[in-house]
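Here's the structure, in structure tokens; my notes come after.
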Amino acid sequence: RPVNRLEFTDYTGYLNFYTGDRNLKVNPLNANNALIDTTVTFVDGGFYSVFIADNVSNVEALTVRDSASAPAEGKAKIRFINLSPDAAALDVIMNDEESPLFGNQAFKEPSAFTEINAAEASFAVKAVGGTDALVSVSDIDIRPGRFYTVIARGFVNPPAGNNNSLSVEVIRNN
């Protein structure tokens with residue numbers, strides 16, 4: 001089914017699809033030309049995240065099978081994906097900890113889900129081994145039994161005519 005008008009940083013949440021091979025097209029608004037025209041295979045009982053990644057000349061659909069066991073009582077599960085085409089590998093620091101929650105995450109390489117305590121949290125995205133946050137987000141209500149994705153997207157140095165600077169967002173998968 002068509003999803004109309006998604007802006008940069010928008011997401012739909014999970015949608016229902018029939019199993020098997022499904023055609024996915026992404027077009028510029030009010031245009032017939034497809035920036036992405038690909039087939040994604042969905043299996044029965046599977047959950048997937050599809051990210052639109054890279055700059056316009058190399059844009060692609062990145063499909064990730066979302067699989068993880070349920071979190072323990074009072075816990076949530078979280079992962080990270082670096083969708084910034086010009087960022088080097090990134091670390092994610094949670095709540096000003098010394099060690100990264102996610103370390104050395106390359107472009108388009110999602111981490112596995114990691115279990116964390118359900119509580120209010122902050123996340124800082126840094127260059128690997130860096131001391132200063134490139135971007136951060138705080139006051140995120142991490143709820144027990146839920147799954148989350150931390151997404152870094154945009155450009156460290158946006159190309160001419162593009163104002164999508166590096167940003168970070170935490171989305172709830174379920």
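Nothing fancy with the numbering, it's 1 onward along the sequence.
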Margin query: Suppose the criterion is salt bridge (Lys or Arg N to Asp or Glu O under 4.0 Å): which pairs have a residue in residues 88-116, not counting sequence neighbours?
Written below: E60-K108

Checklist line | Where A152 and V125 come nearest, the two heavy atoms and their spacing | finding: CB-CG1, 4.4 Å

Margin query: Hydrophobic clustering (ILVMFWY, side-chain heavy atoms < 4.5 Å, transitive) - are V135 and F155 grouped together?
Written below: no

Notebook entry, point to check: What distance separates S111 OG from I78 CD1, expressed to the nearest 0.5 Å?
Noted result: 8.5 Å

Next item on the list: Decide if the gap between the ring center of Y18 and the ring center of F42 is smaller than 6.0 angstrom.
Entry: no

Next item on the list: Give a yes or no answer on whether the side chain of Y48 reaches the backbone of V43 with a donor-acceptor pair at less than 3.5 Å.
Entry: yes

Checklist line | Shortest non-hydrogen contact between A89 and N104, atoms and distance | finding: CB-OD1, 3.1 Å

Margin query: Can you tell me if R143 has over 12 outside heavy atoms packed within less than 6.0 Å of its CZ?
Written below: no

Next item on the list: State, to 0.1 Å, how close I142 and I116 come at their nearest heavy-atom pair, and which atoms those are.
Entry: CG2-CD1, 3.9 Å

Checklist line | pair L62-V50: side-chain heavy atoms closer than 4.5 Å | finding: no

Next item on the list: Would you give the length of the straight line joining atom CG of N95 to atom OG of S138, rounded to the nearest 0.5 angstrom?
Entry: 10.0 Å

Notebook entry, point to check: So, N27 and N32: side-chain donor and acceptor under 3.5 Å apart, yes or no?
Noted result: no

Next item on the list: Check the hydrophobic clustering (I, L, V, M, F, W, Y; side-chain heavy atoms under 4.5 Å; chains of links allowed) and say if I52 and V56 are grouped together.
Entry: yes

Notebook entry, point to check: Any side-chain heavy atom of N117 sitting closer than 4.5 Å to one from K75?
Noted result: yes

Next item on the list: Verify the cluster assignment for V92 and V137: are they in a single hydrophobic cluster under the rule of side-chain heavy atoms below 4.5 Å apart?
Entry: yes

Next item on the list: Could you tell me whether the side chain of I151 reaches within less than 4.5 Å of the side chain of V168, counting heavy atoms only?
Entry: no

Notebook entry, point to check: Got K77 and S69 here, is their nearest side-chain heavy-atom distance under 4.5 Å?
Noted result: yes

Checklist line | Derivation of the side-chain contact (heavy atoms from CB on, under 4.5 Å) call for Q105 and I81 | finding: CA-CA 7 Å; Q105 290 296 135; I81 186 163; over 6 Å; no

Next item on the list: Consider only side-chain N and O atoms of S84 and R153, and report whether a donor and an acceptor are under 3.5 Å apart.
Entry: no

Next item on the list: List in chain and number order the residues that pass ring pair (Phe, Tyr, Trp, His ring centres under 6.0 Å) with F113, two or more places apart in sequence or in another chain; answer none if no residue qualifies.
Entry: F147

Item checked: Pair N173, T149: side-chain N/O donor-acceptor within cut-off below 3.5 Å -> yes

Note to self: Under 4.5 Å between side-chain heavy atoms, counting indirect links through other Ile/Leu/Val/Met/Phe/Trp/Tyr residues: same cluster for I93 and I140 or not?
What the structure shows: no

Checklist line | Beyond-backbone contact of T39 with L24, side-chain heavy atoms, under 4.5 angstrom | finding: no

Next item on the list: Any chance you could measure D54, atom CG, to I36, atom CD1, to the nearest 0.5 Å?
Entry: 10.0 Å

Next item on the list: For the residue pair P85 and F107, establish whether any side-chain heavy-atom pair is separated by less than 4.5 Å.
Entry: yes

Notebook entry, point to check: What closest approach, in Å, do S49 and D66 show between heavy atoms, and which atom pair accounts for it?
Noted result: OG-OD2, 2.7 Å

Notebook entry, point to check: Is the closest side-chain heavy-atom distance between D21 and V40 below 4.5 Å?
Noted result: no

Next item on the list: Using a cut-off of 6.0 Å, state whether more than 12 heavy atoms not belonging to Y14 lie near its atom OH.
Entry: yes

Notebook entry, point to check: Does F80 share a hydrophobic cluster with Y148, counting links as ILVMFWY side-chain heavy atoms below 4.5 Å and allowing steps through other members?
Noted result: yes

Notebook entry, point to check: Ignoring hydrogens and geometry, is there a side-chain-to-backbone donor-acceptor pair from S136 to F123 under 3.5 Å?
Noted result: no

Notebook entry, point to check: When you check the side-chain N and O atoms of K25 and T38, is any donor under 3.5 Å from an acceptor?
Noted result: no

Note to self: For a quick test of reading the model, state the closest non-hydrogen atom pair linking A118 to P144 and the distance between them.
What the structure shows: CB-N, 3.4 Å

Item checked: Side-chain heavy atoms of V128 within contact of L90, under 4.5 Å -> no

Next item on the list: Give a yes or no on this: more than 12 heavy atoms of other residues, nucleotides or ligands lie within 6.0 Å of atom CG of D44.
Entry: no

Check: Are any side-chain N or O atoms of D141 and backbone N or O atoms of E120, one a donor and one an acceptor, separated by less than 3.5 Å?
Finding: no

Check: What are the two closest heavy atoms between R79 and F51, and how far apart are they?
Finding: NH2-CZ, 4.0 Å

